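For the single chain, residues carry numbers from 1 onward in sequence order. Computed from a predicted model, the values in this text were never measured in an experiment. Heavy-atom basis, side chains included; hydrogens, waters and symmetry copies ignored.
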Amino acid sequence: MIRAAVLGSPISHSLSPVLHKRAFEILGVAGEYSAIEVPSGHLHSFLDQEESHGWRGFSLTMPLKEEALVECVSLSTDSELLKATNTIISREQSWFGYNTDVLGFELLLQECDGHDVFILGAGATARAALLAARRSGMHTTVLRRNINRDNDLRAIDRDVEILEWEKIAEPIFSGIVINSTPAGVVTTELRGQIQYLIDSLYHPWPTVLMSKVGARTKVFSGLNLLAAQAAYQVPLFTEREVSITELYPQLLEVGQKIIHS
């Protein structure tokens with residue numbers, strides 16, 4: 001029996017349990033997956049307390065993606081580069097860290113016809129989007145609030161263009177816009193020519209940006225990203241070979257049924 005969960009705060013709205021339980025059903029795997037509230041600064045004590053309780057691993061959402069780094073004895077190459085992990089797996093009484101966010105973004109970017117990406121935010125999710133864009137051969141501009149993030153961004157893509165947050169009021173002419181900021185940060189309509197919007201948020205639904213972009217903009221919501229990165233987490237939890245292209249749409253479908261019900 002696989003025991004896994006998503007950790008973070010706030011976590012009550014998370015659809016990860018629905019998606020992973022569906023994945024277990026598809027693969028015929030016996031497993032449990034729950035959502036557990038773990039505030040910032042409490043991950044170490046939580047893991048220490050739950051060490052002997054038979055967990056296979058955890059998905060991590062904000063604010064724990066950076067906090068989890070010190071809990072792992074080994075990190076994937078992506079986790080090290082991004083300085084963030086969204087998945088930790090228990091092996092030999094130790095934690096191993098991975099980052100499937102970047103793989104999720106890569107999957108979504110494959111559906112976008114464009115070469116210029118505009119990222120809102122510079123945190124862990126933004127860095128995953130930046131790496132995915134770089135690997136996809138795209139030029140990226142990042143609009144950030146915290147200047148202290150600049151070196152981390154340039155370590156991922158030395159050619160990234162970094163702009164002050166106040167530029168959000170100006171027209172955007174990148175074909176692809178990725179919003180990686182928390183709910184409530186972006187409250188106004190984006191101006192410019194935007195062909196694709198990838199919003200990392202899905203709660204509350206619809207998000208501010210989703211409701212404000214024009215009808216000609218193709219939107220990928222945070223649900224798309226959640227389903228995509230979860231599809232890459234499933235083989236880590238189950239130790240089964242998985243067809244991502246087959247699993248992703250099935251996870252997306254079950255999430256959409258919940259949101260639209």
Side-chain angles (χ1 to χ4, degrees), residues 2 4-6 8 11-29 31-35 57-62 65 78 86-87 98-114 117 119 124-126 128-129 131-133 135-136 176-180 182-183 194-211 213 215-238 240-261:
I2 294 173
V6 58
I11 204 66
S12 60
H13 69 278
S14 177
L15 291 178
S16 289
V18 174
L19 271 57
H20 282 276
K21 288 176 182 178
R22 176 58 181 148
F24 291 161
E25 291 176 1
I26 293 170
L27 296 177
V29 172
E32 299 175 352
Y33 191 103
S34 55
F58 298 105
S59 307
L60 304 172
T61 187
M62 299 306 293
K65 293 181 180 182
D78 285 350
N86 76 325
T87 314
Y98 301 86
N99 193 303
T100 66
D101 282 336
V102 64
L103 299 173
F105 275 118
E106 284 186 271
L107 192 65
L108 299 185
L109 286 174
Q110 290 174 11
E111 301 187 42
C112 300
D113 182 19
V117 179
I119 299 176
T125 303
L131 180 56
R135 288 179 178 171
S136 302
I176 306 166
V177 172
I178 299 176
N179 176 40
S180 70
I194 302 171
Q195 293 178 280
Y196 303 92
L197 169 67
I198 300 176
D199 196 344
S200 64
L201 303 174
Y202 64 85
H203 180 80
W205 184 274
T207 66
V208 170
L209 289 183
M210 288 171 59
S211 63
V213 295
R216 294 183 179 180
T217 301
K218 182 174 181 179
V219 175
F220 298 91
S221 73
L223 181 57
N224 290 84
L225 179 60
L226 181 69
Q229 64 82 26
Y232 286 100
Q233 285 181 328
V234 170
L236 293 173
F237 287 134
T238 64
R240 297 279 191 90
E241 290 188 7
V242 175
S243 170
I244 302 300
T245 56
E246 293 180 6
L247 182 60
Y248 163 64
Q250 295 182 79
L251 300 186
L252 180 60
E253 180 181 14
V254 71
Q256 289 174 331
K257 287 181 179 179
I258 298 296
I259 283 181
H260 296 298
S261 64

Heavy atoms, side chains only, cut-off 4.5 Å: are [X] and [Y] in contact?
X    : Y    : answer
Y232 : I244 : yes
Q250 : I26  : yes
V102 : R135 : yes
N179 : I198 : no
Q229 : L226 : yes
F105 : L131 : no

Is a donor on one side and an acceptor on the other found under 3.5 Å between the side chain of [X] and the backbone of [Y]?
X    : Y    : result
D199 : S221 : no
T217 : I194 : yes
S14  : I11  : no

Dump the intermediate steps for side chain to side chain contact (heavy atoms under 4.5 Å, CB included) on W205 and H260, then the final yes or no. CA-CA 9 Å; W205 184 274; H260 296 298; 3.7 Å; yes
For [X] and [Y], test the side chains for any donor-to-acceptor distance below 3.5 angstrom and give the result as yes or no.
X    : Y    : answer
N86  : T100 : yes
N224 : Y248 : yes
E106 : S136 : no
Q195 : D113 : no

Against L27, only a single residue in E241, R22, R240 fulfils side chain to side chain contact (heavy atoms under 4.5 Å, CB included); can you say which? R240
Evaluate the ring planes of H20 and Y33, with Trp represented by its six-membered ring, and classify them as parallel (under 30°), tilted (30 to 60°) or perpendicular (over 60°). parallel
Tell me, with the steps shown, if E32 and K21 meet side chain to side chain contact (heavy atoms under 4.5 Å, CB included). CA-CA 7 Å; E32 299 175 352; K21 288 176 182 178; over 6 Å; no
Approximate separation, where rounding is to 0.5 Å, of L252 CG and L225 CG: 11.0 Å
